[in-house]
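So the structure is just underneath, and the comments pick up after that.
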Amino acid sequence: MDLKTLANEIEDVLDPASMDKVLMYYKDVQEEDEEFMQILFENLRNETVYWLQPWYQLSGCLTRRLDETDEKNEEKYRSDPICKEEDEKIKKNWRKLIKKYGLPDKLISFARWKNKERSKNPNSNEERVRRFVASYLARGLERTVQQVFKYIISHLIEPSKRHYTAEEEKIMEVCFTHQPHNAVIYLSAILGREPRGIYKRLHYLFKGCKETKRLKWTIPLATKLVKSIMMHTGLPLEELKYQTFDKSVWLKVQEDMNQNYIALSKFWYTYLHVQIFANYDVKLNKLKKKVYRVLRESHYQVWTDIRWKDVLKHFPDGFTHLFLYKICSTTFVKHPNYLKIPIEKIIEIGLKKAKMIRFNNRRLKTLKLGDDGNLERVSYHLTKKKE
DNA sequence: GGACGACGAACGCACATACT
DNA sequence: AGTATGTGCGTTCGTCGTCC
């Protein structure tokens, strides 16, 4: 039985019998995981870590991040998101493990299983085995065991799911209607997704929040936003550069603008910040080419490896990583499989597009605060055009 | 007809609380 | 001292309408 079948069997979301069907499915999932974990607990009960582990892999704690307060070791581990190379290493470790111990290939069960009924004592057989497997997966990586464990939970189960399908929505509705209290637990297991997104859905449904409207940003509207931020922070424009604002400030701005503050802050950091603080003639095509140069000199293998905050370091004052990401991603989103193909290929495609004369002269619409306190366009190049 | 603007939502970190 | 559950917020990806 799969999700599609389950969704098809549900005729009426409001009918309590629908919840029973979902629960049956949940039980099946649990049983499947339990079965696999039994094999694991039996086969690996006497295994201990025999390979040398760096200090950051020695913690006895699988689900909580490393507490490194009094660490004097100079050996460091990485803290950025796990990249493609590491992903492959983890998968390779898993293949080695199942081969060595003759296990079924069900990493999903290992990731999905939760210790609810057994002893949580770190020295219990179950917890020791779990830690052993996670340590095995983390072998050879500059990562803590927790990082790797977390990674397989969110990625290897079913990589990159993105939007919910109609079937998923239906099943979610059933759980939200009949068992809102346990919905997240059930759904996370059934859909193979992180609980975070499901909590969010629940939150939207039952608590609601400030509505986001679709705005048409104009210079007067942007002026209003800038003035509002300046007023509530008490800072002059220049000091807003690269500033983060407290939520209390954003909430006041939200009221002034009558728009959800998250949308406002996104607009500020993605567009307006650059338009105000990049004080020179920015040709967008030239800018993109510079990004490609940075990418070429980096160690990134695929698009998802790119750390935009690091890319930003190569750019002059005023730019934000959100802006760079935005400018470049629009070039590639339409390209099939752009997340997976090698970065050299990406650069090649980008350079080819940059050559199209039609867009060659696009410039960033730079702004400044005029004498009257309103934003106005400023052109840094000589061939001034009509507004 | 491709690029851009503006947003929704998944992904992911960090931390808090409850329980054992 | 560990696990599971719950929450706030920043980052990244997808989509759709509009502009040029």
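Naming: A, B, ... by sequence-line order, numbering from 1 per chain.
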Checklist entry - Do the ring planes of A:Trp303 and A:Tyr325 sit parallel (below 30°), tilted (30 to 60°) or perpendicular (above 60°)? => result tilted

Using a 4.0 Å heavy-atom cut-off, does [X] contact any base of the nucleic acid, only the sugar-phosphate backbone, or nothing at all?
X: A:Ile185; answer: sugar-phosphate
X: A:Trp303; answer: sugar-phosphate
X: A:Lys288; answer: sugar-phosphate
X: A:Phe267; answer: sugar-phosphate
X: A:Tyr338; answer: sugar-phosphate
X: A:Thr304; answer: sugar-phosphate
X: A:Lys266; answer: base

Give a yes/no answer on whether the side chain of [X] brings an N or O atom under 4.0 Å of OP1 or OP2 in [N].
X: A:Thr63; N: C:dT3; result: yes
X: A:Lys247; N: C:dC9; result: yes
X: A:Tyr325; N: C:dC13; result: yes
X: A:Tyr261; N: C:dC9; result: yes
X: A:Arg64; N: B:dC13; result: no
X: A:Gln259; N: B:dC7; result: yes
X: A:Lys326; N: B:dG5; result: no
X: A:Thr330; N: B:dA3; result: no
X: A:Tyr199; N: C:dG6; result: yes

Distance, rounded to the nearest Å, where [X] contributes [atom1] and [N] contributes [atom2]:
X: A:Gln254; N: C:dG8; atom1: CD; atom2: P; answer: 14 Å
X: A:Tyr271; N: B:dA6; atom1: OH; atom2: C1'; answer: 6 Å
X: A:Phe323; N: C:dT11; atom1: CZ; atom2: P; answer: 17 Å
X: A:Leu187; N: C:dG6; atom1: CG; atom2: C1'; answer: 15 Å
X: A:Lys114; N: C:dT3; atom1: NZ; atom2: C1'; answer: 9 Å
X: A:Ile82; N: B:dC11; atom1: CD1; atom2: C1'; answer: 14 Å
X: A:Lys216; N: B:dC4; atom1: NZ; atom2: P; answer: 15 Å
X: A:Lys334; N: C:dG17; atom1: NZ; atom2: P; answer: 12 Å

Next on the checklist: I need the single residue from A:Glu32, A:Gln30, A:Glu34, A:Glu126 that forms a side-chain hydrogen bond (donor to acceptor under 3.5 Å, both in side chains) with A:Trp113. Which is it?
Outcome noted: A:Glu34

Next on the checklist: From the set C:dG2, C:dG14, B:dC4, return the single nucleotide nearest to any side-chain atom of A:Leu284.
Outcome noted: B:dC4

Item to check | Nearest listed nucleotide, side chain of A:His321, among B:dC13, C:dT12, B:dA6 | outcome: C:dT12

Next on the checklist: Let me spell it out: for each of A:Asn115 and A:Arg307, pick the nucleotide of DNA chain C with the closest heavy atom. Which residue's pick is nearer the 5' end?
Outcome noted: A:Asn115

Checklist outcome for this item: To the nearest 0.5 Å, atom CG of A:Leu322 lies from atom CG of A:Leu312 at 9.5 Å

Item to check | Check: A:His321 ring centroid to A:Tyr269 ring centroid under 6.0 Å | outcome: no

Item to check | Residues in salt bridge (charged side-chain N to carboxylate O under 4.0 Å, His left out) contact with A:Asp256, at least two apart in sequence or another chain | outcome: none

Item to check | side-chain hydrogen bond (donor to acceptor under 3.5 Å, both in side chains) contacts in which one or both residues fall within residues 328-348 of chain A, not counting sequence neighbours | outcome: A:Lys288-A:Thr331

